[in-house]
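A quick write-up on the structure given underneath.
No experiment lies behind these values; they were computed from the predicted model shown. We count ligands from 1, going down the list as the structure has it; atoms in each ligand are counted the same way. No hydrogens, no waters, no symmetry mates; every other heavy atom, side chains included, goes into these values.
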Amino acid sequence: MRRRVMRLDRKTIIITGAASGIGQARARRALEEGARVIGVDLNGGGMPDGVEPVIGDVTAAATIARAVETAGTIHGLGTIAGISRSGVAIDELSPEDWDQVFAVNVKACWQWLVGALPSMRAAGGGSVVMVASQLAFGGGRLNAAYIASKGAIVSLVKTAGFELAPDNVRVNAVAPGAIDTPMLNDGMSRAEDPAAARDYSRNRHAMKRFGQVDEIANGVVYLLSDEASFSTGSVITIDGGWTAA
Ligand code: NAI
């Protein structure tokens, strides 16, 4: 019988946001594909068995330093942790909330990339995967800071992918549609009519359904693996046809 090829065999990968939703699925899939996984989150409760936890805020330099030290050689980095402040009108959003969304969703992704870079360079290269959103391309209502932050990720992976190509460090993103996670449910629960908001969002996808976490995690595994050796500065849309509809 032929042995299944492990797509992330012998790779050490740091994944932020590994205790919930997409990050949790991605950590589990990375383990299944043979990786050693360092999971970073505010708490370790939801991290899959086998993940080496680093508990802390992704925006703190000390958290980055601990994860980088724990990992040693880093082959892959997934910056998945993210927050949203949906349900707030563009002129009612506080500057503090705007800053917080950008600190977690954008600045921290850059900080983690920079933190992992010396180890990736020493290893001869690596792969970084960030998470944008279909909303970066289509816009949306009552979610300005979040959507702008995801647009910034599209630009960040393009410039980082370009700049770091000589180092053999690939930088890409996935842009998911609405995925059934605590973040989605939390956002919907803040709508005036949560059931109607869920229906509207679901039907906005050509496939008339929400995505499942594994459908995004599989795309991330591909980008982390050597199968994606010619991909950098790119954004893979995995959105059930949201941008096409
Ligand atoms: P989630 O809320 O289920 O999980 C996010 C995780 O990030 C949580 O475990 C949370 O504790 C962690 N986290 C948040 N802030 C942190 C901080 N400062 N320090 C450390 N950990 C922190 O969210 P979900 O849905 O899995 O989202 C993951 C990523 O995917 C986010 O970047 C999100 O913007 C993006 N995304 C999600 C979509 C969806 O429909 N669920 C659609 C498009 C993108």
Against heavy atoms of [X], which atoms of ligand 1 measure under 4.0 Å?
| X | answer |
| --- | --- |
| Val131 | 30 (O), 35 (C), 44 (C) |
| Ile22 | 26 (O), 30 (O), 37 (C) |
| Gly21 | 3 (O), 26 (O) |
| Gly82 | 7 (O), 14 (C), 31 (C), 32 (O) |
| Val58 | 17 (C), 18 (N), 19 (N), 20 (C) |
| Gly177 | 40 (O), 42 (C), 43 (C) |
| Gly56 | 19 (N), 20 (C) |
| Pro182 | 3 (O) |

CA sep, side-chain torsions, deciding dist, call: Glu215, Arg209, salt bridge (charged side-chain N to carboxylate O under 4.0 Å, His left out): CA-CA 12 Å; Glu215 293 178 306; Arg209 68 172 176 88; 2.8 Å; yes

Between ligand 1 and Lys150, can you find any atom pair, the residue atom being a heavy atom, that is separated by under 4.0 Å?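 Contact present.
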
With nothing but distance in play, are any N or O atoms of [X] less than 3.5 Å from an N or O of ligand 1?
| X | answer |
| --- | --- |
| Val104 | no |
| Gln134 | no |
| Asp57 | yes |
| Ala178 | no |
| Ala132 | no |
| Ile83 | no |
| Tyr146 | yes |

Show your working on salt bridge (charged side-chain N to carboxylate O under 4.0 Å, His left out) between Glu32 and Arg29 and close with a plain yes or no. CA-CA 5 Å; Glu32 286 167 3; Arg29 286 288 296 115; 2.9 Å; yes

Less than 4.5 Å apart, any side-chain heavy atom of Glu227 and any of Arg7? yes

Using distance alone, with no hydrogens and no angle criterion, decide if Asn172 and Ser234 have a side-chain donor and acceptor under 3.5 Å apart. yes

Once rounded to the nearest 0.5 Å, what's the spacing between atom CZ of Arg26 and atom CD1 of Ile216?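 Here the interatomic distance stands at 11.0 Å.
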
Which residue from Asp41, Asn43, Asn105 reaches closest to atom 12 (C) of ligand 1 through any of its heavy atoms? Asp41

Should the pair Asp180-Arg198 be classified as a salt bridge under the 4.0 Å nitrogen-to-oxygen rule? yes

